[in-house]
Amino acid sequence: MSEDKITIEVDGQTLTANKGQMLIDVTDDNDIYVPRFCYHKKLSVAANCRLCLVEIEKVPKLMPACATPVMDGMKVKTRTQAAFEGQKSIMEFLLINHPLDCPICDQGGECELQDLAMGYGNDVSRYQEKKRVVKDKNIGPLIQTDLTRCIHCTRCVRFGEEIAGLREMGATGRGENMQIGTYIEKSVSSEMSGNIIDLCPVGALTSKPFRYSARSWELVQKDAIAPHDSVGSNIHVHVKGNQVKRVVPANNESINEVWISDRDRFSYEAVYSDERLKLPMVKENGIWHEVDWETALDVVKNSLKVLVDSNESDQIGTIASASSTLEELYLLQKFIRGIGSNNIDSRLKQSHFADKNAGPSFPYLGQSISEFDALQSALLIGSNVRKDQPIINHRLRKAVLHGASVMALNSVDYDFNFPVVAKSIVAPDLMPIELASILKALVESTNADVDKQIQQSIDKAIVSDVHRTIAVNLTDADDAIVLLGNIATAHPQFLLLRSLAGLIAKLSNSKLGYLSESANTSGAWLSGALPHRLAGAKQQENVGMNTLEMLEAQLKAYVLMGVEPELDCYDSRLARDAMKNAAFVVSLTAFRSEEMNDYADVLLPISVFTETSGTYINNEGTSQSFAGVVSPLAEARPAWKVLRVLGNYFELDGFDYQSSADVLSEVMAEIGDIKCDNSESWKITGSINSSANGIQRITETPMNMIDPISRRAVSLQKTDDVSDGAIHINSALAAKNKLTNDDSANVEQDESSATLKVIIDDRVPDDCVLIQSAHPAQISLGASFGEIRISKS
Amino acid sequence: MTETTQILTEHTRSEIDMWLKKYPEDKKQSAVLAALREAQHQNGGFLTTELMDAVAAYLGLSNIAVYEVASFYSMFETESVGRHSISVCTNISCMLMGSDTIVEHLEKKLGVKTGESTKDGKFFIKVEEECLAACCGGPMMMIDHKYYENLTPERVDEILDEFE
């Protein structure tokens, strides 16, 4: 036995424990139940509810198991008369002020207080006096408060401080007047705030969208995978009848632990959005008709067949969302290649594609998600990881709390919920130059031998303390990573950024990783939903067009899957024009929009994530399959079934699948072992110089605008993490153009223009304009990056 | 200095800095009570949300952490009160010496109840002040920072007349 192990006795059982462990952790590990409210395994010990009292031999008083470290030879009794009486008395105290409103409380049936009151409470209260009443606070669109029910366990407060890294809730006042809340009227803004709903042991904090819509015992819990970010958080979907009622996290220590982001928790509302497409629809002479599946598929077949038969298959462009499942993406590329087109892509926001097969087999995170906890240093390039991949940010924050250093190179001074050791905030065109400076600092400090070409290209770079700090932190760490975020991937010089990042990683002995955007970005790459790759990252001889080329080429026909091109693509104006000018557009979509009515010719209703079986491969290369939890709404069908039938309509071989599992086994056979490797796949260089002049546009996609589902989740749309359709400029640029907050500005990009509201935002560097994508007001402007002009209107 | 902390006067800031020197550099939160006291003093006896935010920013704390402290301690007022804060001790020694009469007289004279401020914003009577450690001079009261002992209703009148 190692020195750190000790032996204790609990209820007569001899248990082995680690020195210094809290008693409750030992009993939990050994399935000995001790009641508790304030204790939570992921939070610090508060020991304020006192319910976990147990009897310890040779200790005159009862001790709280959550705050009592185990000691060798300790003899604990959890089920003696004394322990029970202690717990009962605590229960009596806790119930003094707790209202008896269980019948109208959403927590009823899944309430820790209710359960423990059954076990430890008296059936008659001795308390005759008035109960205290606390006014409810409005803390935003996601969380409902009922603070009279609060028992002051402070789990929500500790969550804010320890996990969310943003202390928003607190206990104000004292004694009987103590209240949990935000003190001032404000919405909690953490991207993980919904987790306090799960943490709250009573009904003080409940889900606002779910409120009063079902009782917990009517719900059936089903497993699923969250469809919005590349983490692949495990979720439970709670279903009543055939209706999705809410989403809660499922435990998976290696991925999301016990947390999920608000986007993953509340996006289910979109399943029943008014904009859900219920029936297949066909446009005839500008008028939409609801039709049956056969009619709709016939129209698709006939329209595409014309092009196929006249050898114009390459006039068909296919754009798919990387939030689609592996099966869907595989079948889509199989179908479209089957009818002779290689124009398929799922990289919607990317604009720099030259690498082709020099790229990795998929944009791998560089390490596993759980390895982030032990990381010592990280350099983030073009990433708002906190909003884009909240769970990875949470892991990164854990590393920082253990002493890791995080550095950032961004075009917007994003707010991190941990201290950042060094940051450089520059206009997009200066990002490669900054990386060259970091590289030069590395070369100087490590005396590394680099080849002449690199030496020449970094020769002119100016090295400042920031670059040196970044270089030193990366080299000094045993475990470091250089991460390319969503904005880096969308950057017009992405490949240059990547090669510089790769060199930095190599010289500093760090890993290189990508923070990818969608739930199945990895799957999209591996399934062959790329113009230059077949499934399993096999080279495609006859390379098709990438997303940008497809849109620039203004093809005759487009097949869309889960995409709203004008909102999801790098160049919104180009995307809209391409769709409008196409002779035929078929959209496999779960939702319908005005824009879609305008440009599409056939709308095929497909299932959302709760209605289909499928597989996502997450950022770390873990493949996770799930079953549909409810049947599809109305006539909507899982996209893989639609594609199977389309394959059959075109009499293509190999579309006779019985289930999505058949598709999965076929695509997995193609993929083989998932190759997680970014090394050596970044060696494309370019010249490092700033070509930009004038004002530059920066585009970010706010957290809740990322895909058609989150855009239609009503409650998420009421949060701050949505697009505002404004231009964000710093005070210097505002002063230069005589603009103030809320002014209207004329914004011109290329030949188009729009009038947008001005927001003064000093996170934006000089001479830059930050625009949030996926907002109708900015569609007409165009590309995500590039020169832009503003003036007072 | 950020915009938020600008509402703290230079004097207040120098006072806070003096307190900050007494604590380790990474334990700035230790100065929160002193900082709030200075901020309250600067503002004529009560704290506003802006002032508390300024203190939070100055000490590098989250706003709510400062609200918690300010709302916990009875010496901080978080709502607008009269310029001069009157605390009459009503604990055992003073009570035996007739503090109830003093409170009654004060309420009648100023026309407000304890916990309220006079309409002209001059005086504020604090709710149920605990022992102020001047038992030998009971009944006693504290106005602003000054102790007044061996009170009688007449003496109270004289004292109050001295205030602007």
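Lettering follows sequence order; numbering is per chain, from 1.
- Taken from CD1 in B:I64 to CG in A:L166, the straight-line distance is 11.5 Å, to the nearest 0.5 Å.
- More than 12 heavy-atom neighbours from other residues, nucleotides or ligands sit within 6.0 angstrom of CD on B:E158.
- The OG1 atom of B:T78 sits 3.5 Å away from the OH atom of A:Y183 when rounded to the nearest 0.5 Å.
- Contacts of B:A65 with chain A are made by both backbone and side-chain atoms, with heavy-atom separations under 4.5 Å.
- Here the straight-line distance linking atom CD of A:E161 with atom OG of B:S62 works out to 6.5 Å at 0.5 Å rounding.
- Remark: B:H41 NE2 is loosely packed, at most 12 non-hydrogen atoms of other residues, nucleotides or ligands lying under 6.0 Å away.
- Around atom CD of A:E129, more than 12 heavy atoms belonging to other residues, nucleotides or ligands sit under 6.0 Å away.
- At a 4.5 Å heavy-atom cutoff, A:M178 makes no contact with chain B through either its backbone or its side chain.
- In the displayed structure, A:D136 atom CG is contacted under 6.0 Å by more than 12 heavy atoms of other residues, nucleotides or ligands.
- B:E68 contributes no side-chain N or O that, together with a main-chain N or O of A:T172, makes up a donor-acceptor pair within less than 3.5 Å.
- Counting non-hydrogen atoms of other residues, nucleotides and ligands closer than 6.0 Å to CZ of A:F93 gives a total of 12 or fewer.
- No more than 12 heavy atoms of other residues, nucleotides or ligands shown are found within 6.0 angstrom of OH on B:Y73.
- Across every non-hydrogen atom of A:G173 and B:S71, the tightest pair is N-OG, 2.7 Å.
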